[in-house]
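Numbers restart at 1 for each chain; the letters A, B, ... are given by sequence-line order, proteins then strands.
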Amino acid sequence: MRSVFSNAILAAAQADPKVLLLTGDHGYALFDEFRKCLPAQFINAGIAEQNMVGVAAGLAKAGFKPIVYGLSAFVPVRVLEQIKMDVCYENLAVVFIGDGAGLVYSSLGSSHQSTEDIAVLRCIPNISILSPCDIYEMQYAMDQALRFESPVYVRMGKSDIGQVHQGPVSVPVGDLVPVRTGAQSEIVFLATGSMVKTAVTLAQTIDAAVWSVPGIKPVNTVQLNNIARHTKTLVTLEEHSIMGGLGSLVAEIVSETGDTRVIRMGVQDRFSQKCGSYDYLLEEHGINVAALLPQLSATLASD
Amino acid sequence: MTAFAPHRLRQTVLKMAYSGSTVHIGCAFSIIEIMSVLYRSHLRYPGDNPAAALRDYLVLSKGHGVMAQYACLYEKNWLTTADIENYFTDGSKLKGLSDAHVVGCEVTSGSLGHGLSVGVGMALAAKLNNSDQYCYAIVGDGEMNEGTMWEGILFAKQQMLDNLIVIVDENGFQAMGKTREVLGLGSLQDKFSAFGFDAIAVDGHDETALDNALAILKSSKNGNPKAIIARTVKGKGVSFMENENSWHYTRLSKDTFDLAMAELEQAV
């Protein structure tokens with residue numbers, strides 16, 4: 001998934017000399033090829049992320065197409081005000097890449113984990129948010145992001161857990177992507193990023209449908225409401241806080257048009273407590289399959 | 001009629017501040033001569049077009065001094081008399097802080113420590129384009145409290161942006177007191193020099209000195225970014241406002257407006 005990303009930006013920058021890659025001293029090895037091929041289009045802005053985003057805004061104002069890379073704990077969270085005022089207020093075409101989203105940096109602690117990035121960006125006007133789940137959605141997200149004439153954030157989470165889709169994804173921006181159909185219509189899963197695979201595993205146990213949501217903002221509300229109308233319960237899954245992310249998004253939209261229940265599965269209102277592997281952290285937060293199955297059973301029982 | 005005459009710019013500021021019942025008069029007055037010299041002799045707008053692709057950039061990073069810039073934009077005929085007279089009325093376009101949605105304003109400031117970085121980005125863009133455009137960034141001395149300013153300064157040096165000219169409005173005050181008593185900055189000339197800038201300190205109300213400093217700095221294409229430490233007086237031009245920090249926040253009454261306008265008229 002990360003190589004799809006780095007290949008996509010290299011191709012974009014080779015095709016257009018106005019494409020610049022900015023990083024705050026992150027991305028060791030990831031950008032080796034880019035630096036070798038296009039040193040003049042690579043800017044390591046140093047460990048100074050806020051300035052980097054301001055600089056990106058200035059470059060965009062003068063006609064360049066900056067891609068700003070960082071760990072999602074820093075881009076967008078640390079630089080939120082620069083994104084709001086320097087980039088979004090002027091609706092500048094800057095692409096933000098937040099790597100390692102969610103609990104990826106499990107052993108480095110909360111400074112490097114980001115379960116609030118979608119929440120803090122969603123309410124800022126003009127910016128779009130893409131959250132791909134595998135290499136096909138990553139390619140789709142980069143293709144879309146580089147075509148935007150407005151700010152866009154690409155949330156890159158756990159990247160080595162295999163593919164969800166069988167081939168390239170090609171849907172309009174904001175559309176949900178069908179992943180699995182289900183025999184029963186009581187429950188439908190909506191998931192984003194790394195949790196789409198988890199949703200598929202859960203859905204298999206009850207033969208329910210799964211949709212991937214690569215477009216968090218904008219999202220196709222007509223399609224979402226249509227899915228909601230044909231089920232009793234929507235279960236959302238995300239490696240992000242249940243506050244302000246996909247779960248909130250779905251609840252906000254469907255609550256205005258119907259009475260479909262929305263069950264939000266994701267990171268609760270808490271920081272990680274312990275150090276450990278990625279799988280350990282999923283368990284700690286109760287968002288691995290083993291922890292989610294009982295939650296799903298309880299949801300069914302209370303239906 | 002002298003273009004961008006300081007007393008006239010100050011009178012425009014007073015008219016705006018009085019009609020809009022607004023604050024930040026002292027903050028605008030300290031940068032009047034800086035604005036005057038830049039607009040009169042340095043800023044290039046091809047075709048007199050504020051959005052011309054190859055224009056020089058003027059970044060007002062200390063956005064609360066924006067009335068000084070509005071006064072210049074008015075003299076450029078990019079703002080109308082109605083814009084000045086209707087300042088702060090419901091539905092009007094000019095806000096109390098620099099706003100990039102206003103023609104002629106490059107950045108949206110107000111949250112301090114933003115404009116310089118955006119200006120550095122524009123200066124870098126000019127370099128990447130092999131263009132001879134300059135970026136002038138007017139920053140406050142209080143604004144130098146912000147860590148992002150120093151990030152931008154380091155980056156400008158690293159990228160060898162000798163087309164960036166930072167002008168510090170060193171009026172010695174910030175919102176709640178004297179800069180040296182709030183978060184002292186020491187010698188800004190020394191600091192900029194230590195960060196690899198060519199730095200000159202001048203009387204920020206001496207138009208000739210400002211003009212000369214700009215000329216000297218622009219003649220040096222040595223890869224070093226430039227800084228002018230402009231020693232200024234907050235509230236400059238009106239006796240009862242000078243070095244009186246309350247004019248960061250005080251609104252004009254009919255009496256103080258008349259008195260200030262008359263003082264500026266007499267000083268001509």
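Taking a 6.0 Å sphere around NZ of Lys221(B), one finds it holds more than 12 heavy atoms contributed by other residues, nucleotides or ligands. At most 12 heavy atoms of other shown residues, nucleotides or ligands fall within 6.0 angstrom of atom NZ in Lys84(A). By the neighbour-count criterion of 12 heavy atoms within 6.0 Å, atom CG of Asp48(B) is densely surrounded, having more than that number from other residues, nucleotides or ligands. Summarising the local packing, CZ of Arg35(A) is surrounded by 12 or fewer heavy atoms from other residues, nucleotides or ligands at distances under 6.0 Å.
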| task | Walk me through it: do Asp86(A) and Val107(B) pass the test side chain to side chain contact (heavy atoms under 4.5 Å, CB included)? | result | CA-CA 8 Å; Asp86(A) 302 347; Val107(B) 299; over 6 Å; no

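For the pair Ile47(A)/Glu151(B), no side-chain contact is recorded, criterion being any heavy-atom separation below 4.5 Å from C-beta on. Using a 4.5 Å cut-off on side-chain heavy atoms (C-beta onward), Trp150(B) and Asn51(A) make no contact. At least one side-chain heavy atom of Asn129(B) sits under 4.5 Å from a side-chain heavy atom of Lys18(A). Residues Ser111(B) and Glu81(A) have side chains in contact (heavy-atom distance under 4.5 Å, counting atoms from C-beta outward). Looking at Thr148(B) and Gln82(A), their side chains come closer than 4.5 Å, going by heavy atoms from C-beta outward.
Highest contact tally toward chain A, considering only Gln158(B), Glu106(B), Gln159(B), is held by Glu106(B) [criterion: heavy-atom pairs under 4.5 Å]. Contact count versus chain A (heavy atoms, under 4.5 Å) is highest, among Ala53(B), Cys135(B), Ser117(B), Ala123(B), for Ser117(B).
Residue contact with chain B, scored on non-hydrogen atoms closer than 4.5 Å, involves the backbone and the side chain of Tyr89(A) alike.
Here the closest heavy-atom approach between residue Ala62(A) and residue Tyr57(B) is recorded as CB-OH, 3.7 Å.
To the nearest 0.5 Å, atom CG of residue Leu124(B) and atom CG of residue Leu20(A) are 7.5 Å apart. In this structure, CZ in Phe155(B) is found 9.0 Å from CG in Asn44(A), a value given to the nearest 0.5 Å.
Judged by distance alone, the side chain of Lys61(A) and the main-chain N or O of Val118(B) form no donor-acceptor pair under 3.5 Å.
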